[in-house]
Amino acid sequence: QVQLVESGGGLVQPGGSLRLSCVASGSIFSINRMGWYRQAPGKQRELVAHITSGGNTNYADSVKGRFTTSRDNAKNTVYLQMNSLKPEDTAVYYCNALLTTREFGSKYQYWGQGTQVTVSS
C-alpha cells in the first residue's frame with residue numbers, strides 16, 4: 001500500500017558529509033509531513049528533522065546548522081543533507097511520513113526500514 005525506502009547511509013569520517021534520501025510510494029493522496037528520526041544502540045528514537053507540506057522545517061537542537069532537510073514533491077522524496085558529521089550522529093536513521101492514502105480518509109504514520117550512518121575516523 002505505502003512504502004518508504006531510505007538510502008544513502010554509510011561510513012564517513014568526522015567532519016564529513018552524507019546525503020540521505022527517502023522515497024514514498026503507493027496510493028498516496030497527500031503528504032502532510034515527512035521527517036527523519038534516528039536511534040543509536042541503547043538509546044531512544046529521536047526526531048532529527050521534518051518538513052511539512054507547506055515547506056516549514058523543524059530541527060533538533062543537536063543538528064541545527066549542520067543538517068538540512070528538503071523535498072521533491074514531484075517524486076514524493078525527502079532528503080537529509082548532513083554536514084560536519086560527528087561521532088554522536090552515529091545511528092540508524094529512519095524516514096517517517098504522516099500521510100493520507102487514497103484508501104483511507106485519515107492521516108497515518110509510516111516508517112521506512114532504516115539506514116545505518118556511522119561516523120568514525
Side-chain angles (χ1 to χ4, degrees):
Q1 185 179 1
V2 175
Q3 186 177 19
L4 304 180
V5 179
E6 304 102 329
S7 62
L11 174 65
V12 296
Q13 296 184 3
S17 297
L18 206 61
R19 192 192 195 200
L20 306 183
S21 300
C22 175
V23 180
S25 62
S27 299
I28 300 172
F29 177 75
S30 64
I31 300 177
N32 179 256
R33 185 192 72 240
M34 294 188 74
W36 296 92
Y37 291 74
R38 67 185 181 187
Q39 187 169 24
K43 303 291 185 179
Q44 297 293 311
R45 187 173 297 187
E46 64 176 353
L47 173 69
V48 177
H50 69 229
I51 183 167
T52 70
S53 60
N56 295 319
T57 57
N58 183 265
Y59 298 93
D61 289 339
S62 60
V63 306
K64 286 182 179 177
R66 300 188 298 120
F67 291 10
T68 302
T69 188
S70 60
R71 64 184 182 184
D72 186 333
N73 291 332
K75 299 178 180 179
N76 283 340
T77 300
V78 63
Y79 304 95
L80 184 66
Q81 178 67 46
M82 303 183 292
N83 299 323
S84 302
L85 283 163
K86 305 174 181 179
E88 52 262 43
D89 294 319
T90 297
V92 177
Y93 284 70
Y94 296 91
C95 181
N96 170 267
L98 181 64
L99 57 82
T100 301
T101 66
R102 290 185 168 87
E103 287 75 21
F104 300 95
S106 301
K107 294 179 289 185
Y108 292 93
Q109 287 195 14
Y110 295 86
W111 293 90
Q113 83 288 349
T115 184
Q116 177 70 47
V117 172
T118 302
V119 184
S120 179
S121 60

Note to self: side-chain contact (heavy atoms from CB on, under 4.5 Å), that's the test. Do Phe29 and Leu99 meet it? Break it down for me.
What the structure shows: CA-CA 8 Å; Phe29 177 75; Leu99 57 82; over 6 Å; no
Next item on the list: Give every residue pair that meets the salt bridge (Lys or Arg N to Asp or Glu O under 4.0 Å) criterion with at least one member in residues 46-62, sequence neighbours excluded.
Entry: Arg38-Glu46, Asp61-Lys64
Note to self: The test is side-chain contact (heavy atoms from CB on, under 4.5 Å); show your working for Ile31 and Val78 and say whether it passes.
What the structure shows: CA-CA 11 Å; Ile31 300 177; Val78 63; over 6 Å; no
Checklist line | Connected-component partners of Trp111 among ILVMFWY, side-chain separation under 4.5 Å | finding: Tyr37, Leu47, Val92, Tyr94
Margin query: Would the distance check show the side chain of Arg33 and the main-chain N or O of Asn96 forming a donor-acceptor pair, the cut-off being under 3.5 Å?
Written below: no
Margin query: Under a 3.5 Å distance rule, please check whether Thr90 uses its side chain to pair with a backbone N or O of Val119 as donor and acceptor.
Written below: yes
Item checked: Pairs flagged by side chain to side chain donor-acceptor pair (under 3.5 Å) wherever residues 15-29 is involved - sequence neighbours left out -> Ser17-Asn83, Ser27-Glu103
Notebook entry, point to check: Do Val2 and Leu98 sit in the same hydrophobic cluster, where Ile, Leu, Val, Met, Phe, Trp and Tyr count as joined when their side-chain heavy atoms come under 4.5 Å apart?
Noted result: no
Note to self: Is there a path of hydrophobic side-chain contacts, each under 4.5 Å between heavy atoms, that joins Val12 and Trp36?
What the structure shows: yes
Notebook entry, point to check: Who passes side-chain contact (heavy atoms from CB on, under 4.5 Å) against Ser70, sequence neighbours left out?
Noted result: Tyr79
Checklist line | Listed partners of Gln3 passing side-chain hydrogen bond (donor to acceptor under 3.5 Å, both in side chains), at least two apart | finding: none
Checklist line | Which residues share a side-chain hydrogen bond (donor to acceptor under 3.5 Å, both in side chains) with Arg102, sequence neighbours left out | finding: none
Notebook entry, point to check: Would Leu85 and Phe67 satisfy side-chain contact (heavy atoms from CB on, under 4.5 Å), going step by step from the backbone distance to the final call?
Noted result: CA-CA 9 Å; Leu85 283 163; Phe67 291 10; 3.8 Å; yes
